[in-house]
Asker: 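Once you've had a glance at the structure underneath, I'll fire off some questions.
Read the numbers this way: they start at 1 and go in the same order the structure lists the ligands and their atoms.
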Amino acid sequence: MRYVSTRGDLEEKRSAQAIIKGLAPDKGLYVPTKMPKLQMEFEHMSGAAYNEIAFRIMREFLSDFEEEELRRCTDGAYDEKFDTPKIAPLVATKNAFFLELYHGRTAAFKDMALSILPYLLTYSVRKEKEDKKVVILTATSGDTGKAALEGFSDVSGTEIFVFYPVDGVSEIQKRQMVTQRGANTHVFAIKGNFDDAQAGVKAIFNDEAFATRLAAEDYKLSSANSINIGRLIPQIAYYFYAYIQLIDSGKIVSGDEINISVPTGNFGNILAAFYAKEMGLPVKTLICASNENRVLADFINSGVYDANRIFYLTSSPSMDILVSGNLERLLWHLSGENSWEIARCMTELETTGKYTVSDKIKDGMSCFYGGFANMDKAHAAIRALWEGEQYLIDTHTAVAYSVYSDYREKTGDGTPTVVASTASAYKFADRVIECLGLPKPENEFDAIDALREATGIPTPAGLRGLGDKKIIHGDIVAKSEMADIVEQRLSALRASVN
Ligand SMILES: *Cc1c(COP(=O)(O)O)cnc(C)c1O
């Protein structure tokens, strides 16, 4: 298996090289040159543990990893760090199956990939005999940052930098990040939104002079964002795992079609579902759910991507994104690997904020349904599900559930549907409390306690006592200062070592 850039650089890379680099030199994203087809029947996966499924899926993509290396990665990642041995349990409700992806340390689905990425990166560095220290730059809309910090904290040979939008994350998300321990962790608020943070990180990646100066100090940049193929590949596994759980519980038989509904921001999670479909998972419709920042819903329905619009801060902050990075990979696959068209679209996006895709791509998107739910709708869905079935979902999952309900009403499609449940309700406790019609506590930390009292559902370990933890990372920087701050920190580290 080899990887090339979406934008035309045809130099093929091994997976380890693509994982170390993160972003391709021509600013494109690494994509697999062929889509592996799953070699085995689903019946043969019945009852398998999560790490086993992850191993079987990932080995198709990471063919340069020895089986034993990959086993160490999957076994090391998916262990007692998760608060259930199922790792990603599937919960049946009346109308949908919720795939709970939030049982890791940070209570959001980013743990599914970021608990394994440090292993993949460490083995990649060893395999490629990379002797420089890896500097991981991460832009976050709230959840990636903490999951990346947890994953990489004190991993030798790495330094990790996280940039989050100063007013664009919840109080809980912020507190999780600014209290992070680990000598190699660096966290900054930036004055801007997530798109600014992501653009800033990409700009650093594309600055050759910067990379040269860093190399002189024995550092090399990599990424923990879903632009890194090492983030995306582990995410494919849980869709297979959901399907196997459906078979094992007698809800479907092998070969039956399912739908998958995903609360979408940077398009990583739903792209992993698309990859699963391409590998042979019987998926009928991929439901791409947006909040008020409905740029993807409009794109899927029109073929015109237009980021020139009002940016809304919503109760699902991890989806408050207007430039969805991973869409570029989907377009490349659907265009028939036409990197010329992708380069054109991405240049237009950078210069005008807008592009229109070819009919070929538009036709290829027919397996996607794009919809959106505003806050009122999503909040009503949380309340209805809790009052009707005592099942609690968070504000992001509520968007996916709500859009799925619309889809079902509109199309009459009764295919069993898996809703990706991307965060614990506790992570957005103050919003969820309001949705349930309970009085609003003074702050988000009190809301965690109030939600536990109201529902009796245990608080995830990582969120307990958060309000009392010591703040370690308090810096706020301008967008224009991101590169400088990275360089200063690294030079200071270097100086303190020498
Ligand atoms: C990151 C995130 C999303 C969006 O996922 P993408 O892969 O960026 O589309 C949705 N919900 C939660 C809770 C998240 O943390």
Asker: I'd like to check whether S141 has a polar contact with ligand 1, where a contact means an N/O of the residue lying under 3.5 Å from an N/O of the ligand.
Answerer: no

Asker: In terms of heavy-atom contacts, does CD of E409 have more than 12 from other residues, nucleotides or ligands at under 6.0 Å?
Answerer: no

Asker: For ligand 1, which atoms have a heavy atom of D143 less than 4.0 angstrom away?
Answerer: 12 (C), 13 (C), 14 (C), 15 (O)

Asker: Looking at R181 and D154, is there a salt bridge between them, counting it only when a charged N and a carboxylate O are closer than 4.0 Å?
Answerer: no

Asker: Give a yes or no on whether a salt bridge exists between D298 and R309, defined as a side-chain N under 4.0 angstrom from a carboxylate O.
Answerer: yes

Asker: So, are R408 and D413 salt-bridged, with charged N and O less than 4.0 Å apart?
Answerer: no

Asker: Which residue supplies the protein heavy atom nearest to atom 9 (O) of ligand 1, what is that atom called, and how far is it?
Answerer: G265 N, 2.8 Å

Asker: Counting from 1, what ligand 1 atoms have a heavy atom of A423 closer than 4.0 Å?
Answerer: 13 (C)

Asker: Of the backbone atoms (N, CA, C, O) and the side-chain heavy atoms from C-beta on, which set of F267 has a member under 4.0 Å from an atom of ligand 1: side chain, backbone, both, or neither?
Answerer: backbone

Asker: Give me the nearest non-hydrogen protein atom to atom 10 (C) of ligand 1 as residue plus atom name, then the distance to 0.1 Å.
Answerer: P263 O, 3.5 Å

Asker: Looking at D394 and K427, is any side-chain nitrogen of the basic one under 4.0 Å from a carboxylate oxygen of the acidic one?
Answerer: no

Asker: Got an N/O contact under 3.5 Å between G268 and ligand 1?
Answerer: yes

Asker: Report, in ascending order of atom number, the atoms of ligand 1 lying under 4.0 Å from any heavy atom of K110.
Answerer: 1 (C), 2 (C), 3 (C), 14 (C), 15 (O)

Asker: Less than 4.0 Å between a side-chain N and a carboxylate O, is that true for R175 and E444?
Answerer: no

Asker: Would K479 and D196 pass as an ion pair if we require N to O under 4.0 Å?
Answerer: yes

Asker: Assess whether atom NZ of K81 is packed by more than 12 heavy atoms of other residues, nucleotides or ligands within 6.0 Å.
Answerer: yes

Asker: What residue and heavy atom of the protein are closest to atom 7 (O) of ligand 1, and at what distance?
Answerer: N269 N, 2.8 Å

Asker: For the rings on Y401 and F98, is their centre-to-centre separation under 6.0 Å?
Answerer: yes

Asker: Which atoms of ligand 1 are found less than 4.0 Å from any heavy atom of T264?
Answerer: 9 (O)

Asker: If you have a sec, work out which protein heavy atom is nearest atom 8 (O) of ligand 1 and how many Å separate them, to one decimal?
Answerer: N266 N, 2.7 Å

Asker: Could you check which of N326, T395, T422 puts a non-hydrogen atom nearest to atom 12 (C) of ligand 1?
Answerer: T422

Asker: Within a distance under 4.0 Å of any heavy atom of F109, pick out the atoms of ligand 1 and give their elements.
Answerer: 1 (C), 2 (C), 3 (C), 5 (O), 7 (O), 14 (C)

